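Computed from a predicted structure; not experimentally measured. Computed over heavy atoms, backbone and side chain alike; hydrogens, waters and symmetry mates excluded. We name chains A, B, ... by the order of the sequence lines, and we start the count at 1 in each one.
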2 protein chains.
Amino acid sequence: MTTDYTKVRNLKEIAELAGVSTATVSRALTGTGRVNDETRARIAALAQKLGYHPNIVARNLRKQKTSTVGVLVPLGHEDIQHLSDPFFNAMTGFLADALAELGYDLLLSRVIPRDELWVERLANSGRVDGVLVIGQSNQFGALEAIARRYRPLVVWGGHYPGQIHCAVGSQNRKGGRMAARHLIERGCRRIAFAGPTEGPEFGERFAGVCEVVAEAGLGDGLIRLPTHFELNAAYSDILDLLRATPLMPDGIVAGADVSAIGVIRALGALGYRVPDDVRVVGYDGLPIGELLTPPLTTVDQQLRHGAGLMVDLLMRRIAGEDAPGILIDPVLIVRGST
Amino acid sequence: MTTDYTKVRNLKEIAELAGVSTATVSRALTGTGRVNDETRARIAALAQKLGYHPNIVARNLRKQKTSTVGVLVPLGHEDIQHLSDPFFNAMTGFLADALAELGYDLLLSRVIPRDELWVERLANSGRVDGVLVIGQSNQFGALEAIARRYRPLVVWGGHYPGQIHCAVGSQNRKGGRMAARHLIERGCRRIAFAGPTEGPEFGERFAGVCEVVAEAGLGDGLIRLPTHFELNAAYSDILDLLRATPLMPDGIVAGADVSAIGVIRALGALGYRVPDDVRVVGYDGLPIGELLTPPLTTVDQQLRHGAGLMVDLLMRRIAGEDAPGILIDPVLIVRGST
DNA sequence: TTGAAAGCGTTACCAC
DNA sequence: GTGGTAACGCTTTCAA
């Protein structure tokens, strides 16, 4: 059947052409309600022939439901180009996959939070059924406030006791412990932590490393290399710190894979070999870790799985359930960098 | 001023509370039309106090305009997990940045084209002002047909003579030539091309390599390593092909950075060193290329710039202009892999 | 099984 | 400067 691209703009025109009411056309095309089979077929054929596509905006307005989920990436003040960051990219990719599976679309918004309304502007815009936030950034307080009055909200990030907003994230302290223990098992004695040491996620990872190092009686050897999260910033931070450190580490836990990459590059620039001179373990389990040379040993947060959980929880919250957050068990993936 | 989260759902309620009409509230809040300054201030204060956010869906329906752009990633039949592919990820990230700059949101849809309607379903849904498509996949014909009747469409991909749909992409043949010439200058005599050799983009890159190899009198040495695009598939393809080849190349042009990564891993698995035994040059200029060890020499398509161009062109097309496609001048980035 | 009509929440035109 | 009101295109009662 050839398609006729006369501009059929709406149900009404189809209805007139078919000699029925708009109500019947709507029922025929959506499959809701009872319609005579023959009428339905006639209408369907006509719609296809005329290349008709329903106006989803009008449908959404009427149904007060959109089958769309908003994904928000809050950017701290310092880090501007974050949206092309490998972590956010990986996460949005996984979320897009999981949402597509359920027939949901993804409305992506990059936000620089200026006030407390950055979530609600989208949440209450009628364009989305729920909101996913990737990372708590410096917005932990804001998220707590928002979660109090807006339910279909799920956040990727850490858990604090008494936390109100629903979050999915890994057991960061445990993950930090795994990374440190692995380095010690590999024979490292001078362990360093590279990355931010504050915040719900990095703080816990750092704490886990500290615990294990202390337990192993290596407490004096713990070296702090506080860097930015972002790749290039981390690289130059690390370069300076390593040049200045009185004690060169032989094992480094990076707070994130992205930071680990910066660390490895800095080590290379200083003439150290990985893993021969220094072993490096990352945190996240980004797909690119596998592609590096040497491939990156990392604490895998199972981001694809996590994205699936976020979407599940969000669907349940959209349905009215008060689904609680979930902690993911991190898994150590040993590769060439250790 | 404290915010009062009584549920103000629409303009009408604000209007009643303020003792004015919805029309005035609308004018006051949007800044369109003339409103008494004092009334405007009163209404604005009230709206903020009540935590009112306009329903964007209703606005979009009324204005027939959404400030949203659809981004479509057509997936060929074979390659299912493509959305988390580094290339698409990088591209969507750059597009999101460029769109955010202009106050546009991004509606991301992963599509497996089953019929010719995959673009129009979104384009005519009223949810977007225009559509960006990343990659022509096997949909070149479909895109040609669609472009005939839907103008605000810009595609990332190759150019063919007489092509109708507006595309942004690099001069693939020229880029292929640059890559091959670089290898020859580095002393390579047995040049191989790894990747797909068909289609508007890969075909041209391959052709460019062939030309240069022939011009250098190395025609007999050109080795074809036809592989899939996707990373893991490329890896195992290459592994088999290199094992079987009677002539081991000393320089490989990969059709894409992702393929180059597969090539380098395969070479490593076979005991070859890069660049000492074999030099490898990629194509794309993905950010991750820089992170690899050795860092990847690549033909940079300047994807961030390209994303900006796509958005520019789309905006002009949305405005009604018949903006033509653009070819990007590729730039060779020499790094450690050659 | 079908149709008429009332919204969904805005904006924009036309009076006043 | 402001208010009434008709769209925007769809879904969904309620009657017939």
Side-chain angles (χ1 to χ4, degrees), chain A residues 6-44 46-47 50-68 120-129, chain B residues 6-44 46-47 50-68 120-129:
Chain A
T6 37
K7 31 225 124 238
V8 186
R9 285 267 158 272
N10 50 36
L11 277 188
K12 199 169 155 217
E13 297 186 19
I14 302 255
E16 283 163 5
L17 262 45
V20 295
S21 73
T22 61
T24 301
V25 177
S26 173
R27 283 187 290 250
L29 261 29
T30 57
T32 21
R34 294 146 289 281
V35 181
N36 181 306
D37 278 352
E38 187 256 335
T39 331
R40 183 196 303 284
R42 208 177 76 241
I43 293 173
L46 193 61
L50 299 178
Y52 168 76
H53 300 274
N55 184 312
I56 305 297
V57 171
R59 171 184 294 169
N60 290 348
L61 177 60
R62 172 61 230 239
K63 298 181 77 166
Q64 299 290 84
K65 157 118 173 73
T66 63
S67 289
T68 301
E120 268 143 323
R121 238 186 298 272
L122 177 62
N124 298 332
S125 72
R127 282 188 303 176
V128 298
D129 295 341
Chain B
T6 37
K7 31 222 125 245
V8 186
R9 285 269 157 271
N10 50 36
L11 278 186
K12 200 168 153 218
E13 297 186 21
I14 302 256
E16 283 164 6
L17 263 45
V20 295
S21 74
T22 61
T24 302
V25 176
S26 173
R27 282 187 292 248
L29 261 29
T30 57
T32 21
R34 289 149 289 282
V35 182
N36 182 306
D37 278 352
E38 187 255 337
T39 340
R40 181 195 304 284
R42 208 177 76 240
I43 293 173
L46 193 60
L50 299 177
Y52 166 77
H53 300 274
N55 184 313
I56 306 297
V57 172
R59 171 183 295 170
N60 290 348
L61 177 60
R62 174 61 232 239
K63 296 180 77 165
Q64 300 289 83
K65 157 118 175 71
T66 64
S67 290
T68 301
E120 268 143 325
R121 238 187 297 273
L122 177 63
N124 298 332
S125 71
R127 282 188 304 175
V128 298
D129 295 341

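- Along DNA chain D, the nucleotide nearest to Arg40(B) and the one nearest to Ala58(B) differ in position, and the one closer to the 5' end is contacted by Arg40(B).
- Contacts of residues 61-68 of chain B with DNA chain D (heavy atom under 4.0 Å): Leu61(B), Arg62(B), Gln64(B).
- Closest non-hydrogen pair, Arg127(A) versus Thr68(B), comes out as NH1-OG1, 3.7 Å.
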Which pairs would a plain distance check flag for residues 16-23 of chain B, meaning a side-chain donor or acceptor within less than 3.5 Å of a matching protein atom at least two apart in sequence or in another chain?
from     : atom 1 : to       : atom 2 : distance (Å)
Ser21(B) : OG     : Ala23(B) : N      : 3.4
Ser21(B) : OG     : Thr24(B) : N      : 3.2
Ser21(B) : OG     : Thr24(B) : OG1    : 3.3

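- Nucleic acid contact class of Thr32(B) (heavy atoms, under 4.0 Å, all strands): none.
- Between Arg27(B) and Val57(B), the one whose closest nucleotide on DNA chain C sits nearer the 5' end is Val57(B).
- The distance from atom NE2 of His53(B) to atom CG of Leu29(B), rounded to the nearest 0.5 Å, is 11.0 Å.
- In this structure, CG in Asp37(A) is found 8.0 Å from OG1 in Thr39(A), a value given to the nearest 0.5 Å.
- The two residues Ile14(A) and Leu50(A) come nearest to each other via the heavy atoms CD1-CD1, 4.3 Å.
- A search for side-chain hydrogen bond (donor to acceptor under 3.5 Å, both in side chains) contacts involving Thr32(A) returns Thr30(A), not counting sequence neighbours.
- Across every non-hydrogen atom of Val25(A) and Leu11(A), the tightest pair is CG1-CD2, 3.2 Å.
- Scored by the salt bridge (charged side-chain N to carboxylate O under 4.0 Å, His left out) test, Arg121(A) finds Asp115(A) as partners (sequence neighbours excluded).
- First and last contacting nucleotides of DNA chain C toward chain A (any atom under 4.0 angstrom from a heavy atom, 5' to 3' order): dT1(C) to dG9(C).
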I'd like a table of donor-acceptor pairs (distance under 3.5 Å, sequence neighbours excluded) in which one partner is a side-chain atom from residues 55-62 of chain A, with atom names and distances.
from     : atom 1 : to       : atom 2 : distance (Å)
Asn55(A) : OD1    : Val57(A) : N      : 2.9
Asn55(A) : OD1    : Ala58(A) : N      : 2.9
Asn60(A) : ND2    : Ile56(A) : O      : 3.3

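- Arg34(B) comes within contact range of at least one nucleobase, with a heavy-atom separation under 4.0 Å.
- Residues from residues 10-21 of chain A lying near DNA chain D, meaning a heavy-atom separation below 4.0 Å, are Asn10(A), Leu11(A) in numerical order.
- Between its two ends, the helix from dT1(C)-dA16(D) to dC16(C)-dG1(D) turns its axis by 40°, counting five pairs per end and rounding to 10 degrees.
- When all heavy atoms of Arg27(A) and Val35(A) are compared, the closest pair comes out as CB-CG2, 3.5 Å.
- A donor-acceptor pair under 3.5 Å is formed between the side chain of Asn10(B) and the backbone N or O of Glu13(B).
- Every salt bridge (charged side-chain N to carboxylate O under 4.0 Å, His left out) that Lys65(B) has, sequence neighbours left out, goes to Asp129(B).
- Nucleotides of DNA chain D with any atom under 4.0 Å from a heavy atom of chain A span, from 5' to 3', dG9(D) to dT13(D).
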